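Bear in mind that the values here come from a model prediction, so they are computed numbers and not experimental data. When a ligand or atom number is given, it counts from 1 through the structure's own listing order.
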Amino acid sequence: MDPAVLPILSCPRCRAPAPFSDLRNPRCHACGLEPQAHIHGVLDLIDVAVGGEPTAGSTEQRLMESDLVARIYDRVWRPTFVRMLAGSGAGAAVGGLSGELFIHKHSLGLDERPGPWLDLSCGPGAFVRALAAAAPGALVVGLDISRAMLEVAAERTAGYTNAVLVRGDAHSLPFVDGAFGGVNNAGALHAYDDPELVFREVRRVLRPGGIYVGSTFAEAPSLVGKLTARAAGIRRFEPGELRAWLQRIGFADYEDVRLGAAFVFRVRRP
Ligand SMILES: C[S@@+](CC[C@H](N)C(=O)[O-])C[C@H]1O[C@@H](n2cnc3c(N)ncnc32)[C@H](O)[C@@H]1O
């Protein structure tokens, strides 16, 4: 695990900046918290002592905690859901996940900023791996709350010395203010209990001039999409609504591109 992550961490319990001096036996110098090493290659910063182990509220999140779903996620689960919720044209328009990776990498502007980069709610690690390969000189941190997803992500990114995986909650990010040059956040807004809190956390961990790129689902055009979203309790975001929301929180320069009933957005922290 790249020790370059040490200065940008903050303790999930006491919020001390740079709490650990060693990633092999991490112990917070301020409150003594010792993160558990549940998964090889993942720093577990869910603080069970305070809030207890989080329980997956939604059906979708329970599935995200399943080993089977994590293993088949990129090849089967993700394309099927994108097709159902965003229409068959959405994936085809960009060539599936590889096209999305292309859009996200270029929207973040990997060549224009030094990083570090955060892939928020990284799932099984496709974006972490792509970012780590595209920006070999920069630190890339993948964060997710699901152990099953992180286990797959750890296997997939094992060869990338600049990639670090953290288990944490998007509503309370275990990083210092201004830690990142960019935050990537693909296909996860609908999964959060409180998106407002997540947006505020993203803004906090971005340095001035930092970029936030995300993707999510707008209102589905088809009946199948509408019914699937309703059955799975999946929240949709209209681009206009998201633009106003992010501006109110203090982001600037909102842009988006529609991919069927999904869209990728980009904003800047002034
Ligand atoms: C639909 S997947 C998207 C994964 C990946 N970003 C992609 O585009 O393929 C949503 C991810 O959000 C994660 N997630 C849900 N709630 C979270 C939270 N509170 N904090 C961090 N990650 C969360 C899930 O575990 C899951 O891996």
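Which parts of ligand 1 touch H171 is read off a 4.0 Å heavy-atom cut-off, strictly below it: atoms 19 (N). Less than 4.0 angstrom separates some heavy atom of G187 from each of these atoms of ligand 1: 1 (C), 2 (S), 3 (C), 10 (C). Applying the 4.0 Å criterion to heavy atoms of G123 picks out, from ligand 1, the atoms 4 (C), 27 (O). Which parts of ligand 1 touch D169 is read off a 4.0 Å heavy-atom cut-off, strictly below it: atoms 18 (C), 19 (N), 20 (N). Atom numbering of ligand 1 starts at 1 in the shown order; those under 4.0 Å from a heavy atom of G168 are 20 (N), 21 (C). Residue M149 has at least one heavy-atom neighbour below 4.0 Å for each of these atoms of ligand 1: 27 (O).
Ligand 1 is never approached by F81 to a heavy-atom distance shorter than 4.0 Å. Using a 4.0 angstrom heavy-atom cutoff, A70 does not count as in contact with ligand 1.
By the criterion of a heavy-atom distance under 4.0 Å, neither the backbone nor the side chain of E65 is placed next to ligand 1.
Put simply, the side chain of R113 never gets that close to the backbone of G182: no donor and acceptor are under 3.5 Å apart. Without hydrogens or angle criteria, R156 side chain to G125 main chain gives no donor-acceptor distance under 3.5 Å. One N or O on the side chain of R266 and one on the backbone of S107 form a donor-acceptor pair closer than 3.5 Å.
Of the options L165, L9, V141, a side-chain contact (heavy atoms from CB on, under 4.5 Å) to L43 is made by L9 and by none of the others.
Looking at ligand 1, you won't find any N or O of L143 less than 3.5 Å from one of its N or O atoms. Polar contact check, A186 against ligand 1: a nitrogen or oxygen pair lies under 3.5 Å apart.
Atom CG of L131 sits about 6.0 Å away from atom CG of L110, to the nearest 0.5 Å. Here the straight-line distance linking atom OH of Y254 with atom CG of L246 works out to 7.0 Å at 0.5 Å rounding. Within the model, atoms CH2 of W245 and CZ of F237 stand 5.5 Å from one another, a figure rounded to the nearest 0.5 Å.
Checked for salt-bridge contact, R235 and E60 miss the test: no charged N lies under 4.0 Å from a carboxylate O.
Annotation: ring pair (Phe, Tyr, Trp, His ring centres under 6.0 Å) contacts involving residues 126-152, sequence neighbours excluded, comprise H104-F127.
Taking atom 17 (C) of ligand 1 as the reference point, the nearest protein heavy-atom neighbour is I145 CG2, 3.6 Å. Scanning all protein heavy atoms for the shortest distance to atom 2 (S) of ligand 1 gives Y73 OH, 3.3 Å. Annotation: atom 27 (O) of ligand 1 to nearest protein heavy atom, D144 OD2, 2.7 Å. The nearest heavy-atom contact from the protein to atom 8 (O) of ligand 1 is R78 NH2, 2.9 Å. Of the protein's non-hydrogen atoms, Q61 OE1, 3.1 Å is the one closest to atom 15 (C) of ligand 1. In terms of protein heavy-atom proximity, atom 5 (C) of ligand 1 is nearest to S121 O, 3.5 Å.
Selection from A126, A170, G125, S172 by nearest heavy atom to atom 20 (N) of ligand 1 gives A170.
Of all heavy-atom pairs spanning D193 and H171, the tightest one is N-NE2, 3.4 Å.
For the 3.5 Å distance criterion, the side chains of D119 and N184 qualify, holding a donor opposite an acceptor.
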